[in-house]
Amino acid sequence: RLPAHVECANAHGKTPLHVVCERGHIACGELLVKAVSPAALNRADVQGCTALMRACIAGHAALANLLIGRADCSLDSCDEAGMPALYRACVGGHLPCVSALLRAGACLQPTTAGAKLLVNVEARAERDGHAACASILRAAVASHARRLGGQRVRLLASPLIAPYSTGLEPTRPILLLPLRYSSAAC
């Protein structure tokens, strides 16, 4: 058992687990992931990022997998910009993190604003040269839509501008999930 101060946060709201995930220290991550409480595991820093988000932003798939391996790890928490770890990993081009999150059951659209954001994340990943991440995200959305069966799925082709967009518009229709569905549908 590690001392209680390993769950304390610095002035930026980051715990030692946040820092370890950001910097990619796997051995330290293994110790901390086993030792921290569920609250510390899912604690958000001042930017709203959890340790899982920090690992995915930095592309540290081994640490992301360690965190995902804990049953009490929240896959779908969103940062202050409304982006979950899945979107952050996709935008960063971190395919192993994207794959791990999708295998673990990360929700493709964790908020009602997620539809517009999902389109922009896919377009931004494509624009930034992360075609594989954009492709796996599109495939996951299509697969999820097929599993929804009789539920209506929206087809969106209109230009969307989000805080992360540089004016790049989707050039083809993109299949989106219904705007509202229960988390059980994820």
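All values below were derived from every heavy atom in this structure, side-chain atoms included, with hydrogens, water molecules and symmetry-related copies excluded.
- Panel note: side chain Ser99, backbone Leu95; a donor-acceptor pair is recorded below 3.5 Å.
- In terms of modelled atom types and a separation under 3.5 Å, the side chain of Asp76 and the main chain of Ala106 share no donor-acceptor contact.
- Side-chain heavy atoms closer than 4.5 Å link hydrophobic residues (I, L, V, M, F, W, Y) into clusters, and following such links, even through other members, never connects Met53 to Val121.
- Arg54 places no side-chain N or O within donor-acceptor distance of the main-chain N or O of Cys49, the cut-off being under 3.5 Å.
- In terms of modelled atom types and a separation under 3.5 Å, the side chain of His94 and the main chain of Ile57 share a donor-acceptor contact.
- Of the possible polar contacts, one joining the Asp45 side chain to the Gln47 backbone as a donor-acceptor pair under 3.5 Å is found.
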**Q.** Lys14 vs Glu22, side-chain contact (heavy atoms from CB on, under 4.5 Å): CA-CA, chis, key distance, verdict
**A.** CA-CA 10 Å; Lys14 293 181 182 177; Glu22 222 171 26; 2.7 Å; yes
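- Using a 4.5 Å heavy-atom cutoff, the side chains of Leu102 and Leu108 are in contact.
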Q: Might you work through the salt bridge (Lys or Arg N to Asp or Glu O under 4.0 Å) test for Arg138 and Glu126, ending with a clear yes or no?
A: CA-CA 11 Å; Arg138 273 194 305 274; Glu126 189 91 35; 3.1 Å; yes
**Q.** Residue pair His25, Leu31: steps toward the side-chain contact (heavy atoms from CB on, under 4.5 Å) verdict
**A.** CA-CA 10 Å; His25 299 298; Leu31 288 172; over 6 Å; no
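- Scanning all heavy atoms of the two residues, the minimum distance from Ala11 to Val46 falls at O-CG1, 4.2 Å.
- The heavy-atom pair separating Asn10 from His12 by the smallest distance is OD1-N, 2.8 Å.
- The shortest non-hydrogen separation linking Val91 to His130 is O-CD2, 3.3 Å.
- The CZ atom of Arg88 sits 10.0 Å away from atom SG of Cys78, with the distance rounded to the nearest 0.5 Å.
- Within the 4.5 Å cutoff, side-chain heavy atoms of Cys56 are placed close to those of Leu101.
- Taking the side chain as every heavy atom from C-beta outward, Thr15 and Cys8 never approach each other to under 4.5 Å.
- Using a 4.5 Å heavy-atom threshold, the side chains of Leu67 and Thr50 count as separate.
- Proximity of Pro16 to Leu32: side-chain heavy atoms (C-beta onward) are separated by under 4.5 Å at one or more points.
- Counting heavy atoms from C-beta on, the side chains of Leu86 and Cys90 never come closer than 4.5 Å.
- A pairwise comparison of heavy atoms in Cys28 and Val20 identifies CB-CG2, 3.8 Å as the closest pair.
- Closest of all the heavy-atom pairs between Arg103 and Asn65 is NH2-OD1, 4.4 Å.
- Between the side chain of Asp79 and the main chain of Pro84, no donor-acceptor pair closer than 3.5 Å is present.
- Closest approach of Leu52 and Cys73 over heavy atoms only: CD2-SG, 4.0 Å.
- The backbone N or O of Cys97 lies less than 3.5 Å from no partner atom in the side chain of His60, so there is not a single donor-acceptor pair.
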